[in-house]
Amino acid sequence: MRFEPGALAARDGIPLCVPQIGGNEWKYLKECLDTNWVSSGGPFVERFEGVVADYIGAQYSVATVNGTAALHIAILVAGVQPDDEVLVSTLSFIAPANAVRYVGAWPVFVDADPGYWQMDAEKVVDFLEKECRWTNSELRNKRTGRRVRAIIPVHILGHPCDMDPILKIARKFNLVVIEDATESLGASYKNRKVGSLGDIACFSFNGNKVITTGGGGMIVTDNAEWAHQARYLTTQAKDDPLEYVHKEIGYNYRLTNIQAALGCAQMEKLDEYIAAKRRIARAYAEAFAAIPGITCMPVAPWASSIFWLYTVLLEQKVYGMNSRVLMRQFKASGIQARPLWQPLHLSPAHPGRHAHNCPVAERLANEAISLPSSVGLRVEDQGRVIEIVKASAA
Ligand SMILES: Cc1ncc(COP(=O)(O)O)c(C=O)c1O
């Protein structure tokens, strides 16, 4: 049974989170093929950039091949230098930490907060105030002596981080805030869209995201110079496109017109898709409310969540089963569920990196299970998922 993003669900199978293609995708793709604009460049790229920037409320946007490339370039243009340190949520997919390493800098992992599972803003403040020293207009980690340059709050699972304390401390110590909003397009914090809160932000349009371009990403910012540099670096840093003169090392990171055409069609459906995610979340929350040992996905009072991937916590002693055993029950019924990520401070890919105490992220990673959340999830299929969760309770 194939469950990759983009795969059709096998008969009777329920995938975790697959794309919904039901708007102008064919029409716009045909336009690309009919006009021969199939590669990097073309009217849909500009249009997609404009639509996303307007939606977020950002002045500039640069489309990229994927969200990881967007993060890599955002970190570069924000001025992070080799050997700098960057604070990153430990409870996250690994891409932002890897992107920090791509530029030769080091991630410092920050625990999740127990209430909303996002980067713990209090621990960010605590680390910067107590474990760093401000000298010569620079913040340095007392233990490593390295300069701390940026913070990457990752808005996980469709819910924003608590940004105000993060932004306040960042301003105090002249740190750049790079939002990883890849999982949360459409979510907002105090009525402001994620992606418009920090200095620069990144989105992903991978197949499992709320909208998809097959693979794709976007950098958004209000900083004209950074946007210009991001466009330059993502298009091979061509200083003279005719003579192929390059003064810097560039990257082939631009989105193609075909992908952007998909993106334009998908953006037309975004509000509808977010409404579907919220309906799915409501149905899960109502069904699980009375089951002891299940914590439903929380929403902070200052947040509007898009519930990208509906996730619950199972307290084994009370619920009677742990998340991995429940996952196997789902698998036996052809239903795809998954755990969250291994917290990054434990990742073998980032050995020994500033392994601060991150007990909350470790507990959440043990207890969490993400449930089928595709925009097109049928009511009867969600009912099957709910029945298994109910039947497995002690
Ligand atoms: C938190 C986070 N950051 C970055 C990425 C990377 O995006 P992409 O897969 O488009 O490279 C993802 C997921 O795909 C993600 O979940």
Side-chain angles (χ1 to χ4, degrees), residues 5-6 19 21 23-56 58-78 95-96 98-99 102-103 178 180-182 185 195 200-221 223-268 270:
I21 309 289
N24 284 319
E25 288 85 354
W26 274 116
K27 184 174 161 212
Y28 295 167
L29 279 178
K30 187 169 183 311
E31 218 172 297
C32 295
L33 302 180
D34 288 346
T35 57
N36 215 16
W37 282 103
V38 295
S39 193
S40 48
F44 280 114
V45 178
E46 246 176 63
R47 184 162 141 194
F48 185 44
E49 287 174 338
V51 169
V52 172
D54 287 349
Y55 181 80
I56 300 304
Q59 286 196 47
Y60 307 100
S61 56
V62 179
T64 58
V65 281
N66 54 51
T68 309
L71 283 161
H72 180 187
I73 296 299
I75 292 167
L76 272 178
V77 301
N98 288 351
Y102 296 166
V103 309
I178 302 165
D180 181 334
T182 48
L185 176 65
I200 189 164
C202 300
F203 290 96
S204 163
F205 308 109
N206 183 22
N208 63 0
K209 298 299 186 284
V210 62
I211 63 158
T212 188
T213 56
M218 190 81 76
I219 301 166
V220 299
T221 182
N223 186 314
E225 199 184 311
W226 289 2
H228 180 266
Q229 185 68 2
R231 194 170 297 280
Y232 170 74
L233 289 177
T234 53
T235 43
Q236 302 278 31
K238 287 183 192 133
D239 288 283
D240 184 326
L242 185 63
E243 301 288 345
Y244 283 162
V245 175
H246 310 260
K247 292 186 196 138
E248 286 190 51
I249 306 279
Y251 303 86
N252 185 8
Y253 276 178
R254 284 292 274 167
L255 195 73
T256 65
N257 202 49
I258 284 187
Q259 290 166 309
L262 280 178
C264 288
Q266 291 265 296
M267 277 302 286
E268 292 168 359
L270 179 59

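Residue numbers count from 1 along this sequence. Nothing here was measured: the structure is a model prediction, and the numbers come from that model.
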Checklist entry - Taking only residues two or more places apart in sequence, or in another chain, which ones meet Glu49 in a salt bridge (Lys or Arg N to Asp or Glu O under 4.0 Å)? => result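 Scan of Glu49 (salt bridge (Lys or Arg N to Asp or Glu O under 4.0 Å), adjacent residues dropped) gives Arg231, Arg254.
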
Checklist entry - Should the heavy atoms of other residues, nucleotides or ligands under 6.0 Å from NE2 of His246 be counted, would the total exceed 12? => result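 It does: His246 NE2 has more than 12 such atoms within range.
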
Counting distance only, does the side-chain N/O of [X] pair as donor-acceptor with the main-chain N or O of [Y] below 3.5 Å?
{"X": "Asn66", "Y": "Gly216", "answer": "no"}
{"X": "Gln266", "Y": "Thr212", "answer": "yes"}
{"X": "Asn24", "Y": "Lys27", "answer": "no"}
{"X": "Gln259", "Y": "Thr256", "answer": "yes"}

Rounded distance [0.5 Å steps], [atom1] in [X] versus [atom2] in [Y]:
{"X": "Gln236", "Y": "Tyr251", "atom1": "CD", "atom2": "OH", "answer": "10.5 Å"}
{"X": "Ile75", "Y": "Cys202", "atom1": "CD1", "atom2": "SG", "answer": "7.5 Å"}
{"X": "Met218", "Y": "Thr182", "atom1": "CE", "atom2": "OG1", "answer": "13.5 Å"}
{"X": "Ile178", "Y": "Ile219", "atom1": "CD1", "atom2": "CD1", "answer": "10.0 Å"}

Checklist entry - In chain order, what residues pass the ring-ring contact (aromatic ring centres under 6.0 Å, His included) check against Tyr28, with sequence neighbours excluded? => result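 For Tyr28 the ring-ring contact (aromatic ring centres under 6.0 Å, His included) partners, ignoring immediate neighbours, are Phe44.
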
Checklist entry - Excluding sequence neighbours, so at least two apart, what forms ring-ring contact (aromatic ring centres under 6.0 Å, His included) with Phe205? => result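 So Phe205 forms a ring-ring contact (aromatic ring centres under 6.0 Å, His included) with Phe48.
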
Taking all non-hydrogen atoms of both residues into account, name the closest pair between [X] and [Y] and its distance.
{"X": "Ala69", "Y": "Val65", "value": "CB-CG2, 3.8 Å"}
{"X": "Val220", "Y": "Ser61", "value": "CG1-CB, 3.9 Å"}
{"X": "Gly195", "Y": "Ala181", "value": "N-CB, 4.5 Å"}
{"X": "Gly215", "Y": "Leu255", "value": "O-CD1, 3.7 Å"}
{"X": "Ala237", "Y": "Gly250", "value": "CB-CA, 3.7 Å"}
{"X": "Leu71", "Y": "Ala99", "value": "CB-CB, 3.9 Å"}

Any [X] side-chain heavy atom under 4.5 Å of [Y] side chain:
{"X": "Ile200", "Y": "Val77", "result": "yes"}
{"X": "Leu33", "Y": "Ile258", "result": "yes"}
{"X": "Pro43", "Y": "Asn257", "result": "yes"}
{"X": "Tyr102", "Y": "Ile73", "result": "no"}
{"X": "Val210", "Y": "Leu270", "result": "yes"}
{"X": "Met267", "Y": "Leu185", "result": "yes"}

Next on the checklist: Hydrogens and angles aside, do Ser204 and Asn206 bring a side-chain donor and acceptor to less than 3.5 Å of each other?
Outcome noted: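 Not at all, the side chains of Ser204 and Asn206 share no donor-acceptor pair under 3.5 Å.
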
Residues two or more places apart in sequence or in another chain: which of them pass side chain to side chain donor-acceptor pair (under 3.5 Å) with [X]?
{"X": "Asp239", "result": "Tyr232"}
{"X": "Lys30", "result": "Asp34"}
{"X": "Gln229", "result": "Glu248"}

Checklist entry - Between Tyr253 and His72, is the gap from one ring center to the other below 6.0 Å? => result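 Yes; His72 has its ring centre under 6.0 Å from that of Tyr253.
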
Next on the checklist: Phe203 vs Ile56, test: side chain to side chain contact (heavy atoms under 4.5 Å, CB included). Steps then yes/no.
Outcome noted: CA-CA 11 Å; Phe203 290 96; Ile56 300 304; 3.5 Å; yes

